[in-house]
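Just so it is clear: chains get the letters A, B, ... in the order the sequence lines come, proteins before strands, and each one is counted from 1.
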Number of protein chains: 2
Amino acid sequence: MNSYATNPMSKTTTIVREGESCEVTCINPSKVRSLARSLPRTSAVERISSTFQTMSDPSRLKILYCVSQGDVCVCDLSAVLGMNVSAVSHQLRLLRTLNLVKPRRDGRIVYYSLSDEHVGELMRMGLEHELES
Amino acid sequence: MNSYATNPMSKTTTIVREGESCEVTCINPSKVRSLARSLPRTSAVERISSTFQTMSDPSRLKILYCVSQGDVCVCDLSAVLGMNVSAVSHQLRLLRTLNLVKPRRDGRIVYYSLSDEHVGELMRMGLEHELES
DNA sequence: GGATTAGTTGCATAACTGTTCAAATATTAA
DNA sequence: TTAATATTTGAACAGTTATGCAACTAATCC
């Protein structure tokens with residue numbers, strides 16, 4: 001095979017990554033090829049992970065919880081969460097940009113509500129598991 | 001009421017936040033009290049959000065996907081993902097610390113597999129939604 | 001217009017994070 | 001023991017991010 005002091009376990013095989021073929025060294029070629037075929041491409045994984053990232057901050061997750069229960073204004077969110085009004089507004093802007101919440105103005109007051117049901121589902125699932133463990 | 005030029009919408013009420021009672025100014029006292037009652041406490045929210053944070057990185061999410069399909073060694077993960085072996089190992093250590101993956105040594109080779117079914121569920125849900133949209 | 005309230009935004013900053021490089025450890029076989 | 005391989009680890013770095021402050025806009029009522 002070769003003249004090294006130990007037998008390397010590694011072999012080489014060809015896989016397709018992000019649409020382009022490339023040769024890689026690995027231990028289990030068939031497993032690697034199988035994974036390379038089924039792994040969603042980076043663009044899709046990035047979209048999913050960014051959804052999770054939105055829910056990865058405690059303050060933001062609390063905000064999402066509140067607005068999932070119905071319309072809540074900035075001032076009330078600030079009161080419930082014990083957060084600076086400015087901090088709440090910054091987070092709401094982020095959520096607005098991602099189309100996860102939608103604002104409704106009533107005079108000086110702006111009410112926010114959850115507009116993405118998928119995020120609501122993931123949040124409920126996370127909550128359920130946490131409370132039962 | 002008062003002698004200001006405009007009528008403020010804000011009122012004050014008392015809620016319980018993280019176990020301690022505090023007076024807050026808000027627009028809708030009853031809504032605020034209701035949210036304050038149902039909002040899980042910070043320690044629980046932090047645990048949930050840290051689960052989401054784990055899945056908020058594309059590389060880590062790919063690793064989790066791979067090890068959810070069966071045992072995979074570091075070298076093969078590196079090959080499939082096109083990542084530095086060291087980077088993969090760093091991420092695996094993090095996942096190990098969180099008890100999300102478990103290692104199994106076979107000689108020089110260490111195989112990792114998913115050990116937290118809840119994370120697997122959340123990942124599948126995220127994937128399903130992404131692929132259908 | 002003028003004064004007050006509700007909310008937004010830009011900037012600065014401190015904290016965190018993912019990756020790489022280099023060095024170390026663990027295992028195997030000659 | 002020696003050499004090679006598979007993985008781990010520590011340190012450093014670049015990039016990101018959540019928050020607070022101050023200044024701003026938007027809306028209301030006199």
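Comparing B/V110 and A/G107 along DNA chain D, the residue whose closest nucleotide (by nearest heavy atom) sits nearer the 5' end is B/V110. Of the two residues near DNA chain D, A/D106 and B/P103, the one whose nearest nucleotide lies more 5' is B/P103.
For B/S113, the side-chain hydrogen bond (donor to acceptor under 3.5 Å, both in side chains) test picks out no residue, with sequence neighbours left out. In terms of the ring-ring contact (aromatic ring centres under 6.0 Å, His included) criterion, residue partners of A/F52 (sequence neighbours excluded) are, by chain and number, B/F52. Residues passing the side chain to side chain contact (heavy atoms under 4.5 Å, CB included) test with B/P40, sequence neighbours excluded: A/Y65, A/L127, B/A44, B/V45. Partners of A/H129 by ring-ring contact (aromatic ring centres under 6.0 Å, His included), not counting sequence neighbours, listed by chain and number: B/H118.
The residue A/V85 sits close to a base: some heavy atom pair falls under 4.0 Å. Heavy atoms of A/L92 sit nowhere under 4.0 angstrom from any nucleic acid atom. Within 4.0 Å of A/Y112, counting heavy atoms only, lie sugar-phosphate atoms of the nucleic acid but no base atom.
Looking only at atom types and distance, the side chain of A/K62 has no donor-acceptor partner in the side chain of B/S49 under 3.5 Å away.
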Checking A/T13 against A/C26 for the side chain to side chain contact (heavy atoms under 4.5 Å, CB included) test, could you report, in this order, the C-alpha distance in whole Å, the side-chain angles of both residues, the deciding distance, and whether it holds? CA-CA 7 Å; A/T13 187; A/C26 64; 3.9 Å; yes

Passes side chain to side chain contact (heavy atoms under 4.5 Å, CB included), A/N28 versus B/C73? Steps please. CA-CA 9 Å; A/N28 309 283; B/C73 68; 4.3 Å; yes

Dump the intermediate steps for side chain to side chain contact (heavy atoms under 4.5 Å, CB included) on B/R60 and B/L94, then the final yes or no. CA-CA 10 Å; B/R60 214 151 45 214; B/L94 197 152; 3.9 Å; yes

What verdict does the side chain to side chain contact (heavy atoms under 4.5 Å, CB included) test give for A/M123 and A/L61, after you've listed the backbone C-alpha separation in whole Å, the side-chain angles of each residue and the deciding distance to 0.1 Å? CA-CA 8 Å; A/M123 189 174 55; A/L61 194 54; 3.9 Å; yes

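With respect to B/R104 and B/D71, a salt bridge is recorded, a charged nitrogen being found less than 4.0 Å from a carboxylate O.
Across the protein-nucleic acid pair, A/D76 atom CG and C/dT5 atom C1' stand 14 Å apart, rounded to whole Å. With rounding to whole Å, B/R93 atom CZ is found 14 Å from C/dT19 atom P. In this entry the distance linking CE of B/M9 with P of D/dT28 reads 10 Å, nearest Å. Going from atom CZ of B/R105 over to atom P of C/dT27 covers 5 Å, rounded to whole Å. Here C/dA26 presents its C1' atom at 17 Å from CZ of B/R104, a figure rounded to the nearest Å. The CZ-P distance, from B/R108 to C/dT27, rounds to 11 Å in whole Å. As a whole-Å value, the separation of B/R96 CZ from D/dT7 P is 12 Å. As a whole-Å value, the separation of B/E46 CD from C/dC16 P is 12 Å.
Across C/dT8, D/dA27, D/dT5, the shortest atom-to-atom separation from the side chain of A/S89 is found for C/dT8. Which of D/dT8, C/dT9, C/dT5 sits closest to the side chain of B/V74 comes down to D/dT8.
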Any protein N or O atoms within reach of nucleotides 17-21 of chain D? Criterion: under 3.5 Å, listing atom names and distances.
| unit_1 | atom_1 | unit_2 | atom_2 | d |
| --- | --- | --- | --- | --- |
| D/dT17 | OP1 | A/Q53 | NE2 | 3.2 |
| D/dA18 | OP1 | A/R60 | NH1 | 3.0 |
| D/dA18 | OP1 | A/R60 | NH2 | 2.9 |
| D/dA18 | OP2 | A/R60 | NH1 | 3.1 |
| D/dT19 | OP1 | A/S59 | OG | 2.8 |
| D/dT19 | OP2 | A/Q91 | NE2 | 2.7 |
| D/dG20 | O6 | A/H90 | NE2 | 2.8 |
| D/dC21 | N4 | A/S86 | OG | 2.7 |

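At a non-hydrogen distance threshold of 4.0 Å, nothing from residues 61-71 of chain B comes into contact with DNA chain D.
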